[in-house]
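Hydrogens, waters and symmetry mates are skipped; everything else that's a heavy atom, side chains included, is used. Just so it is clear, the model here is predicted, and its values are computed rather than measured.
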Amino acid sequence: MVTIRYLPGTEADNNGITEHEDGNLITIVLQEDVGGLEVCKNGEWIPVIPSTGTLVVNISDVFQVLSNKKFKSATHRVVRPEGRSRHSYVFFYNLQGDKWVEPLPKFAQEIGLAAKYRGFYYKDYQALRLRNKTHPPSNPEDIIRITHYEI
């Protein structure tokens with residue numbers, strides 16, 4: 001579990017975390033009443049309004065592959081509100097690095113669908129995602145995402 005604190009945004013800079021998908025299996029977020037979490041649907045950013053006693057559950061990249069794209073990894077970002085710090089408490093459920101990831105038969109061959117992803121070791125995908133951060137590509141199209149494994 002991770003606690004994340006975002007300093008208050010300003011008129012010139014309100015970026016907390018840029019748009020991304022989580023590279024794990026599933027993410028659970030408890031956000032305080034400040035807000036700032038937004039999800040992208042059909043190109044539109046939609047605020048996730050905080051509600052007391054609720055958790056936000058994000059489907060992540062590995063879940064997308066296991067479900068053969070039946071469930072989509074949530075594209076999201078954090079916008080820092082002006083005048084107030086934002087805190088969130090996040091649990092990232094990850095696989096062990098040596099786990100093989102590929103579409104589950106129930107979402108592919110058992111229902112007559114072809115696999116939409118080639119299999120991979122989780123640690124290899126995480127290494128590629130880390131390289132995005134340590135050696136950012138000059139072109140946004142070159143950022144490694146789960147689509148790297150699409151067939």
Side-chain angles (χ1 to χ4, degrees), residues 1-50 55-104 107-108 114-151:
M1 182 162 240
V2 178
T3 301
I4 304 174
R5 177 177 181 233
Y6 301 90
L7 297 174
T10 64
E11 209 172 293
D13 180 22
N14 69 351
N15 183 39
I17 296 181
T18 58
E19 124 182 22
H20 67 284
E21 296 83 28
D22 293 338
N24 53 308
L25 182 68
I26 199 163
T27 303
I28 301 171
V29 181
L30 173 64
Q31 58 177 346
E32 60 184 8
D33 64 339
V34 174
L37 179 62
E38 296 181 344
V39 294
C40 187
K41 183 175 182 181
N42 301 324
E44 180 182 346
W45 288 102
I46 302 166
V48 178
I49 307 299
L55 298 171
V56 176
V57 179
N58 283 340
I59 300 296
S60 301
D61 288 349
V62 171
F63 204 104
Q64 179 172 317
V65 172
L66 293 174
S67 74
N68 204 28
K69 212 173 186 176
K70 180 173 179 70
F71 299 100
K72 173 80 173 70
S73 185
T75 301
H76 57 285
R77 68 182 181 188
V78 174
V79 177
R80 295 180 302 147
E82 288 184 37
R84 219 172 142 192
S85 290
R86 176 187 190 276
H87 295 86
S88 61
Y89 309 91
V90 186
F91 176 76
F92 299 98
Y93 185 77
N94 291 295
L95 300 179
Q96 292 179 345
D98 63 347
K99 296 299 180 190
W100 183 254
V101 178
E102 66 184 353
L104 295 170
F107 291 99
K116 295 179 181 178
Y117 296 91
R118 59 187 166 89
F120 58 91
Y121 284 103
Y122 183 65
K123 65 182 175 187
D124 295 338
Y125 179 50
Q126 290 304 300
L128 290 171
R129 286 180 54 94
L130 181 60
R131 191 170 63 190
N132 284 340
K133 294 177 182 179
T134 60
H135 298 83
S138 52
N139 295 318
E141 305 85 41
D142 295 333
I143 294 173
I144 297 292
R145 299 183 186 273
I146 200 61
T147 52
H148 176 74
Y149 294 101
E150 281 187 337
I151 297 174

Pairwise distance [atom1]([X]) to [atom2]([Y]) - rounded to 0.5 angstrom:
{"X": "Ile59", "Y": "Leu25", "atom1": "CD1", "atom2": "CG", "answer": "8.0 Å"}
{"X": "Ile26", "Y": "Tyr93", "atom1": "CD1", "atom2": "OH", "answer": "10.0 Å"}
{"X": "Leu30", "Y": "Thr3", "atom1": "CG", "atom2": "OG1", "answer": "9.5 Å"}
{"X": "Glu150", "Y": "Lys116", "atom1": "CD", "atom2": "NZ", "answer": "9.0 Å"}
{"X": "Leu130", "Y": "Ile144", "atom1": "CG", "atom2": "CD1", "answer": "12.5 Å"}
{"X": "Asn42", "Y": "Ile46", "atom1": "CG", "atom2": "CD1", "answer": "7.5 Å"}

Are the side chains of [X] and [Y] in touch, meaning some heavy atoms are under 4.5 Å apart?
{"X": "Arg84", "Y": "Asp33", "answer": "yes"}
{"X": "Ser88", "Y": "Tyr6", "answer": "yes"}
{"X": "Glu19", "Y": "Glu38", "answer": "no"}
{"X": "Val101", "Y": "Tyr117", "answer": "no"}
{"X": "Glu21", "Y": "Ile146", "answer": "no"}
{"X": "Asp61", "Y": "Arg129", "answer": "yes"}
{"X": "Phe92", "Y": "Asp22", "answer": "yes"}
{"X": "Phe71", "Y": "Phe107", "answer": "yes"}

| Taking the side chain from Gln31 and the backbone from Val48, do they hold a donor-acceptor pair closer than 3.5 Å? | yes
Look at atom [atom1] of [X] and say whether more than 12 heavy atoms of other residues, nucleotides or ligands are closer to it than 6.0 Å.
{"X": "Lys72", "atom1": "NZ", "result": "yes"}
{"X": "Arg131", "atom1": "CZ", "result": "no"}
{"X": "Tyr89", "atom1": "OH", "result": "yes"}

Search all heavy atoms of [X] against all heavy atoms of [Y] and return the closest pair with its distance.
{"X": "Asn68", "Y": "Pro103", "result": "OD1-CG, 3.5 Å"}
{"X": "Asn24", "Y": "Ser60", "result": "O-CB, 3.0 Å"}
{"X": "Arg86", "Y": "Pro81", "result": "CB-CD, 4.3 Å"}
{"X": "Val62", "Y": "Gly23", "result": "CG2-O, 3.8 Å"}
{"X": "Ser85", "Y": "Leu7", "result": "OG-CA, 4.1 Å"}

| said: If the threshold is 4.0 Å, N to carboxylate O, is there a salt bridge linking Asp13 and Arg80? | reply: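 Yes.
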| query | Can you list the residues that meet the ring pair (Phe, Tyr, Trp, His ring centres under 6.0 Å) rule with His20, with sequence neighbours excluded? | reply | His76
| message | Would you call the rings of Phe120 and Tyr149 parallel, tilted or perpendicular, taking 30° and 60° as the class edges? | response | parallel
